[in-house]
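Protein chains get the first letters and strands the later ones, always in sequence-line order, with residue 1 at the start of each.
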There are 2 protein chains.
Amino acid sequence: MTMTIPPKDRGNRRASLADVARLAGVDTSTASRVLNADRNHRMRPETRERVTEAAKTLGYSPNPLARALRTARSFSLGIAVPQLVSPVFEQIIAGAQAAARERGYGLLIAHVPENGAEAFEQLTAANRVDGLLAASLDDDKALGPALENTGVPFVVLNRKAAGITNCIVLDTRAAAYLAVQHLTALGHRRIAHLAGRAGGYNANDRLAGYQDALAAAGIAMDPPLIQNAGYTVEGGAAAMQAILARSDRPPTAVFAATLLSAAGAMSTLRDAGLDVPKDVSIISLHDGILAEVMNPALTTVRLPAREMGYEGTTALIDLIDGRRDNVARVLDQNELVIRRSTAPPRG
Amino acid sequence: MTMTIPPKDRGNRRASLADVARLAGVDTSTASRVLNADRNHRMRPETRERVTEAAKTLGYSPNPLARALRTARSFSLGIAVPQLVSPVFEQIIAGAQAAARERGYGLLIAHVPENGAEAFEQLTAANRVDGLLAASLDDDKALGPALENTGVPFVVLNRKAAGITNCIVLDTRAAAYLAVQHLTALGHRRIAHLAGRAGGYNANDRLAGYQDALAAAGIAMDPPLIQNAGYTVEGGAAAMQAILARSDRPPTAVFAATLLSAAGAMSTLRDAGLDVPKDVSIISLHDGILAEVMNPALTTVRLPAREMGYEGTTALIDLIDGRRDNVARVLDQNELVIRRSTAPPRG
DNA sequence: TTGAAAGCGCTAACAA
DNA sequence: TTGTTAGCGCTTTCAA
């Protein structure tokens, strides 16, 4: 009967490869080869057996630090997000997390409020990640150089920035088109747009999609109906107020950049005594639990944010492994999710 | 004039301590001491100067992997959460993230659907974190042993489990009391409870707080008004239906375990033609953006979930550093956030 | 005050 | 098929 030594009894130190090798009566290199199932070497079954057995007995698991030091690969990835608590970033992270896990990578989440150079540098320097995912909010000129400077492969999510070749983006323009088209198909002609921040990459795309759909329906664009609202509840509420204040004839529909601004707009409309969707329809980009929970439940266009995180991570790992040398994908599986906040205009 | 060599020109390899030492004309040990500002050694100002200068020239930053291997400290922490997309876990993670960052630690997020032993083991083994935060959802008998088995310090969040001494929990019972007391103070006497999952640690506390508040108001508990609802929108909706179906006289108020189940309940009530808050008031535990966005905006009791993440992480680091040897805290800064979903009962 | 030397745990030539 | 050797980049005695 074998005397099984519990792993932790060994002086409270985890078993090392040397321990395994000693117990198996082989050299550490041999043990390493066995345990890594080295395909180039053929070893005696009996040796393999002894090493495997010893490893099991000792509860051996390799020290990834040592391995990383030696191989210059840490098998961990960093993802930089500007906010943690946000419907979109949540989804991106969840997707990245899943992909990393599947491929045997760890994921380090960095909360990078302003995406300055230091932040990325810190992420790589402090943790030696093998690669970086950057999901930025603002249109940052410094993003490219900052990322280049880290010296590790990276993929930018949801943004095309000058000089950045590796990115995965959503087809925001098509999504905006889909949203506004839904509205025009319902018969709306006075459609307000709660834009994000002025000048941002996605802001332009949303606006373009909005215009496309308007044009397709033969509707002339009416600038006073467009208002920057940022990406928050408060911003949405304020922007909606501004639009209402601006004209005596309120729009019959609103196309918002995000769930959050749509929520803000909804409460403003409610406060103004306007019924959603009877008086005003609302639709927004991005789907999430928030949309289900609103009253009335929000009609949205679901963009593949989770998929973006997933695909971006997969692509990044391919980049790291040298299986490809660039990434440029547009994810376009947008989907109209019709709920209760949109209806034909009154009258 | 000094010939400044750009960091990246060096064969595309980051500068190592040896490079710095060489350039400064000193030994690596000396360079190490200077760069680490070793207090035990006094070095010539000139030497210090030369080393510092060399490090700057080379753009040196230490390789944390090597350092971790040598010192057996990785300066990274792991946090295991059962779900990423959830109002509560979001807050916990955000708090943990902030604390880790402040203390110079990285935070590795692990999505651990079922908190089996392998999951934690994987987290530690695969990444050699210095400590572990575990925020589990279910009442898991295996949690304690699984964590013990990893061999690193850990803190359990939001749960007291058998044999686990290090934990930070919320005062759920007091929060439940606060919520239900708000309802009784408004004059409600038929108050339903959308419980979480049966038998869980927090489920019992919520129930106890509910009973306490009922008793304090001289109200007898009515079992048919209590229904397990889990922690999802669907669960909340279904539970609310069950309660309505069960009695001819619906409750005038509902106390839900979470935002999500409250949202589900609200939509069920709406579908049943019941107005919130005129016919039925709703209050839930935990606050978040969801609550603001619901219509009517949800009255909640805010529990310090973010603080729990923050405090748990701080405590964990103290544990790792040996500055303390146990953690047991109850965070009790609950706060009633009155919005529009609660009102006096009709009539 | 500084340097020499050892070693954390692992992998990868190279040699046998 | 296995072992020897070297070294990833760093810290830390110990000796000078």
Counterpart residues, side chain to side chain donor-acceptor pair (under 3.5 Å), relative to [X] (two or more places apart):
X	value
Asn166(A)	none
Arg67(B)	Asn36(B)
Arg329(A)	Glu311(A)
Arg323(A)	Asp318(A), Asp321(A)

Where along nucleotides 9-16 of chain D does protein come under 4.0 Å, by heavy atom, of base (B) or sugar-phosphate alone (S), with - for untouched nucleotides? BBBBB---
Could you work out, with side chain to side chain contact (heavy atoms under 4.5 Å, CB included) as the rule, every residue matching [X], not counting sequence neighbours?
X	answer
Ala72(A)	none
Thr52(A)	Val34(A), Arg48(A)
Ala99(A)	Tyr310(A), Thr313(A), Thr314(A)

Applying a 4.0 Å non-hydrogen cut-off, can you work out what Arg44(B) is touching in the nucleic acid: base, sugar-phosphate, or nothing? sugar-phosphate
Residues two or more places apart in sequence or in another chain: which of them pass salt bridge (Lys or Arg N to Asp or Glu O under 4.0 Å) with Asp27(B)? none
Taking salt bridge (Lys or Arg N to Asp or Glu O under 4.0 Å) as the definition, give me every residue that meets it alongside Arg50(B), ordered by chain and number, with sequence neighbours left out. Glu46(B)
Contact boundaries of DNA chain C with chain A (under 4.0 Å, heavy atoms), 5' to 3'?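 Going 5' to 3' along DNA chain C, contacts run dG9(C) to dA13(C).
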When the C1' atoms of the five terminal pairs at each end define the local axes, what inter-axis angle does the helix from dT1(C)-dA16(D) to dA16(C)-dT1(D) show, to 10 degrees? 40°
Backbone of Phe75(B) reached by a side-chain donor or acceptor of Asp130(B) within 3.5 Å: yes
Tell me: CZ of Arg50(A) to P of dT1(D), nearest whole Å?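 Roughly 15 Å, once rounded to whole Å.
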